[in-house]
Each structure stands twice: as C-alpha cells, then as structure tokens.
K.L.:
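Sharing a structure below in structure tokens format, with a few things to ask.
Keep in mind the model is a prediction, meaning the values are calculated, not measured.
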Amino acid sequence: MSRIVTVGAAQVGPIARSETRAQVVTRLIALMRQAKAAGCDIVVYPELTLTTFFPRWYMEDQTEVDSFFEREMPSNETAPLFNTARELGIGFHLGYAELTQEGGRARRFNTAILVDKAGAIVAKYRKVHLPGHAEHEPYRQFQHLEKRYFEVGNLGFPVWRAFGGVVGMCICNDRRWPETYRVMGLQGVEMVLLGYNTPLHNPPAPEHDALANHHNTLVMQSGAYQNGTWVVGVAKAGVEEGVMQIGQSQIIAPSGETVAMCSTLGDELIVARCDLDLTVSYKTTIFNFAKHRRPEAYGLIVERTGARPPD
Ligand code: CDT
C-alpha cells in the first residue's frame, strides 16, 4: 500500500526588518508556484515567516513589538497567499506571530497554521517550548527574547486528519524535546510539520555553535524514527540583520533518513514524495507503543527520584 503526500519544504532566506509583509508574501507565492509545478500537495514555510526574527531585539514599546504580530489571518496582506493556494489547489503550513483577544485580554503566541487545498485554515498550533530569556541581557551580541514577547502555547500538541493522513505541528525549539514528538506519536502522527529560526551562535553556550547543524538534524531524525513519522523541518536561513541562521531544511522519513535537504541559505524549495504507509512498519514493530512501551515502569522511576538527578 502507499499513501503519497508530495511535500515542498520552502526554506526562506533572510528577511530584512524593513521588508514589508507584501514583499514577503510575494516571495512565498513564488515558492508556492514552484511547489505546485513540482506536483506538491502542500508547501511548508518556516517559523515567524512574515517578518524578520524580531525576538533578537529588546523593545520596551509594546506598539513597536505589536507591529510584528498578525491580528487576523488571513489579513489584507496575507490574503494573496490564501487566494493563490485556492487557485492552485495546494495546501500550506505557515508560522507567524499571533496577537489575539482571549479571556478579555491581549494574548501573544508564536503560532503555526495548516491550510487545506481550498484555502481554509484546518489546524492551529501555538509554540510550547519558548527558548531564550525575558529581560535584556547586554552580554549577548543579539537577544533571544521569545520568553518576553510570547506566552507558552495553550493548545497542547494535537494531531489532525488532513492531506490523507495524521498531521501534527510544532515550532523550532519544540523539535529539540522528545516529549513533543512522543505526545503526537501517541496519537498516531504520520507527518510532523515544523519551522525554525536557529541562530548559528548561541550566546550562553558558544561551544555548541560548531554543532548547530548536527543538532538540528539529530533531533529531527530521532523524533522521526522513534515515533515512526515523517518530519518536515523548514528554516528561515542565512544572515538576517547581521545574525547568521542555519539552513539545512530537510524532509525526514520514518526510518530517520533525510530524503531531501536544502543546500543554500536562501529561498529554496525541496520536494519529496512522502509515503505515509512507510510509518506502518515502525508503528507496528519496533515502536509498537501498545506492545512495548512501559509507562508503568517510567512512573516508578519518576516517583523514586522525583525526576531529579540523584544527589
Ligand atoms: N526560534 C527558536 O526557537 N530558536 C531556538 C534557538 C535556541 S538557541 C540555539 C532553537 O531551538 O533553534
């Protein structure tokens, strides 16, 4: 059996702070048209696709911060993306900064949506693992203020029936955490879509810098294999406002093998024909959770240790 979803991973090169939403959307539509020409069912864009990666700057003026957020989706500026998707009959995944009113107050999330081939939003995810810090840290060459500008996502890690399979989403730093994949794996996920903005330099741990690409591949391949799922990881790459961000956007099979990878740090589309039925032999043998997982034993370990390192 085979259930093919042809996926385009649309890596996006640097976006300048001065670049408008309209300019970015024009770039995204060009990638979408390439994806359609390559036979894609869905095109996957990065985290916070519509602007430069603004958490690198410390800002006290909330109006300035909010200029990077979307108050509606689609908006006048993003409608052409939805219209083109509908016209071409192609789905997409898009990351953006979401400003919404919930519980009578303004709330801000690092969000991703899944849009079907008719241009309708069918799923939404809000980033759970927010990296970085909340206050200005002068020692850094650039900031990483996601903990200042966003709340922790409040939607969990659901999965959805879409594109003929079971699809889940996560965002950037989420990909480093096994829980992310496992929570979706326990729900039978067959394809995880995710975008990232990963600076090559990590100021608190510069000794990791030379391993940035290795760690990127390592975590996504592990998540794929250990949960028998496809993983599509898409970067905003290249030197953006003086900060180098890694590329190596890639499409990873349930075997853990990368089947396509970007080779530039700019706007670049890679395509893979992903057979969702390749998940089956992993989910029914080595990672048959019902048969082989031992949550009762994990519970004992947590109880005994308090899930802390021993003294
Ligand atoms: N955007 C995002 O979550 N970036 C983080 C940077 C962590 S510092 C290396 C990431 O995990 O890629």
K.L.:
Please give me the minimum heavy-atom distance between T84 and I29, naming the atom from each residue.
P.N.:
OG1-CD1, 3.6 Å
K.L.:
Once rounded to the nearest 0.5 Å, what's the spacing between atom CD of Q248 and atom CD of Q11?
P.N.:
9.0 Å
K.L.:
Hey, which of V234, I171, V231, V167 is the one that makes side chain to side chain contact (heavy atoms under 4.5 Å, CB included) with L193?
P.N.:
V167
K.L.:
Do Y125 and L194 touch side chain to side chain, with heavy atoms closer than 4.5 Å?
P.N.:
no
K.L.:
Between CZ of R27 and CG of D267, what distance do you get to the nearest 0.5 Å?
P.N.:
4.0 Å
K.L.:
Any side-chain donor-acceptor pair under 3.5 Å between R273 and S2?
P.N.:
no
K.L.:
Going by atom types alone, do Q250 and T217 pair a side-chain donor with an acceptor below 3.5 Å?
P.N.:
yes
K.L.:
Working to the nearest 0.5 angstrom, can you tell me the gap between E70 CD and L50 CG?
P.N.:
5.0 Å
K.L.:
Kindly work out whether a path of hydrophobic side-chain contacts (I/L/V/M/F/W/Y, heavy atoms less than 4.5 Å apart) joins Y96 to L28.
P.N.:
yes
K.L.:
Under a 4.5 Å cut-off applied to non-hydrogen side-chain atoms, are R176 and N173 in contact?
P.N.:
yes
K.L.:
Just by distance, do the side chain of E241 and the backbone of R17 share a donor-acceptor pair under 3.5 Å?
P.N.:
yes
K.L.:
Take atom CG of L218 as the centre, draw a 6.0 Å sphere, and report whether it contains more than 12 heavy atoms from other residues, nucleotides or ligands.
P.N.:
yes
K.L.:
Mark yes or no for whether E64, through its side chain, and E60, through its backbone, hold a donor-acceptor pair below 3.5 Å.
P.N.:
no
K.L.:
Determine the minimum heavy-atom distance between P158 and L155, stating which atoms define it.
P.N.:
CD-O, 3.3 Å
K.L.:
Is there side-chain contact between W230 and P254, with at least one heavy-atom pair below 4.5 Å?
P.N.:
yes
K.L.:
Counting distance only, does the side-chain N/O of K283 pair as donor-acceptor with the main-chain N or O of V189 below 3.5 Å?
P.N.:
yes
K.L.:
Treat each ILVMFWY residue as a node, draw an edge where side-chain heavy atoms are under 4.5 Å apart, and state whether V271 and F163 are in one component.
P.N.:
no
K.L.:
Side-chain contact, heavy-atom cut-off 4.5 Å: R293 with L186?
P.N.:
yes
K.L.:
With a 3.5 Å distance limit and no angle check, can you tell me whether E98 reaches the backbone of F109 through a side-chain donor-acceptor pair?
P.N.:
no
K.L.:
Consider only side-chain heavy atoms of I, L, V, M, F, W and Y, link residues closer than 4.5 Å, and tell whether F82 and Y45 are in one cluster.
P.N.:
yes
K.L.:
Treating T78 as the side-chain partner and P74 as the backbone partner, does any N or O pair qualify as donor plus acceptor under 3.5 Å?
P.N.:
no
K.L.:
How far apart are the C-alpha atoms of K127 and D174, what are their side-chain angles, what is the distance that settles it, and do they pass the salt bridge (Lys or Arg N to Asp or Glu O under 4.0 Å) test?
P.N.:
CA-CA 7 Å; K127 185 174 182 176; D174 287 325; over 6 Å; no
K.L.:
Starting at CZ of R33, measure out to CG of L269 and round the result to the nearest 0.5 Å.
P.N.:
14.0 Å
K.L.:
Any side-chain to backbone donor/acceptor pair from Y181 onto S222? Under 3.5 Å, distance only.
P.N.:
no
K.L.:
Decide if atom CZ of R140 counts as having more than 12 heavy atoms of other residues, nucleotides or ligands within a radius under 6.0 Å.
P.N.:
yes
K.L.:
Measure across A10 and V43 and return the closest heavy-atom pair with its distance rounded to 0.1 Å.
P.N.:
CB-CG2, 3.6 Å
K.L.:
Using every non-hydrogen atom in the two residues, find where M1 and D275 come nearest and quote the distance to one decimal.
P.N.:
O-OD2, 3.8 Å
K.L.:
Please check this pair: side chain of Y282 against backbone of L278, looking for a donor-acceptor N/O pair closer than 3.5 Å.
P.N.:
no
K.L.:
Answer yes or no: are there more than 12 heavy-atom neighbours, outside D61 itself, under 6.0 Å from its atom CG?
P.N.:
yes
K.L.:
Rounded at 0.5 Å granularity, tell me how far NZ in K124 sits from CE in M73.
P.N.:
8.5 Å
K.L.:
Just do the side chain to side chain contact (heavy atoms under 4.5 Å, CB included) check on M244 and V239 with the steps written out, would you?
P.N.:
CA-CA 4 Å; M244 172 61 89; V239 181; 3.6 Å; yes
K.L.:
Does the side chain of Q221 come under 3.5 Å of the side chain of T258 through a donor N or O and an acceptor N or O?
P.N.:
yes
K.L.:
Going by distance alone, is a donor N or O of one side chain under 3.5 Å from an acceptor N or O of the other, for E146 and H144?
P.N.:
yes
K.L.:
When you compare the side chain of L94 with that of V115, does any pair of heavy atoms fall below 4.5 Å?
P.N.:
no
K.L.:
Under 6.0 Å between ring centres, would you say that holds for F150 and F69?
P.N.:
yes
K.L.:
Taking K236 for the side chain and P46 for the main chain, is one N or O donor matched with an acceptor at less than 3.5 Å?
P.N.:
no
K.L.:
Answer whether the closest heavy-atom distance between the side chains of P295 and F289 falls below 4.5 Å.
P.N.:
no
K.L.:
Report all side-chain donor-acceptor pairs from residues 85-92 shorter than 3.5 Å, counting only partners two or more places apart or in another chain.
P.N.:
residue	atom	partner	partner atom	Å
R86	NE	A118	O	3.0
R86	NH1	N83	OD1	3.0

K.L.:
What distance do H215 atom NE2 and N202 atom CG have between them, rounded to the nearest 0.5 Å?
P.N.:
10.5 Å
K.L.:
Can you list every salt bridge (Lys or Arg N to Asp or Glu O under 4.0 Å) pair that touches residues 150-161, not counting sequence neighbours?
P.N.:
R105-E151, R107-E151
K.L.:
Look at the side chain of T180 and the backbone N and O of R175, then say whether any donor-acceptor pair between them is shorter than 3.5 Å.
P.N.:
no
K.L.:
For a quick test of reading the model, state the closest non-hydrogen atom pair linking I4 to D41 and the distance between them.
P.N.:
O-OD2, 4.1 Å
K.L.:
Got E137 and Q143 here, is their nearest side-chain heavy-atom distance under 4.5 Å?
P.N.:
yes
K.L.:
Are F157 and E179 close enough that some pair of their side-chain heavy atoms sits under 4.5 Å apart?
P.N.:
no
K.L.:
Provide the closest heavy-atom pair for Y196 versus G233 in the form atom of the first, atom of the second, distance.
P.N.:
CE2-C, 3.7 Å
K.L.:
Measure from the side-chain N and O atoms of T229 to the backbone N and O of M191, and report whether any donor-acceptor pair falls under 3.5 Å.
P.N.:
yes
K.L.:
Apply the test side chain to side chain contact (heavy atoms under 4.5 Å, CB included) to residues R108 and D66: give CA-CA distance (whole Å), side-chain angles for both, the deciding distance (0.1 Å), then the verdict.
P.N.:
CA-CA 9 Å; R108 295 169 183 82; D66 287 347; 2.8 Å; yes
K.L.:
Hydrophobic clusters here meaning ILVMFWY residues chained together by side-chain heavy-atom distances under 4.5 Å, can you tell me if Y58 and F53 are in one?
P.N.:
yes
K.L.:
Given the rule that I, L, V, M, F, W and Y join up when any side-chain heavy atoms are under 4.5 Å apart, are V24 and I113 in one cluster?
P.N.:
yes
K.L.:
Take atom CH2 in W57; do more than 12 heavy atoms of anything else shown fall under 6.0 Å from it?
P.N.:
yes
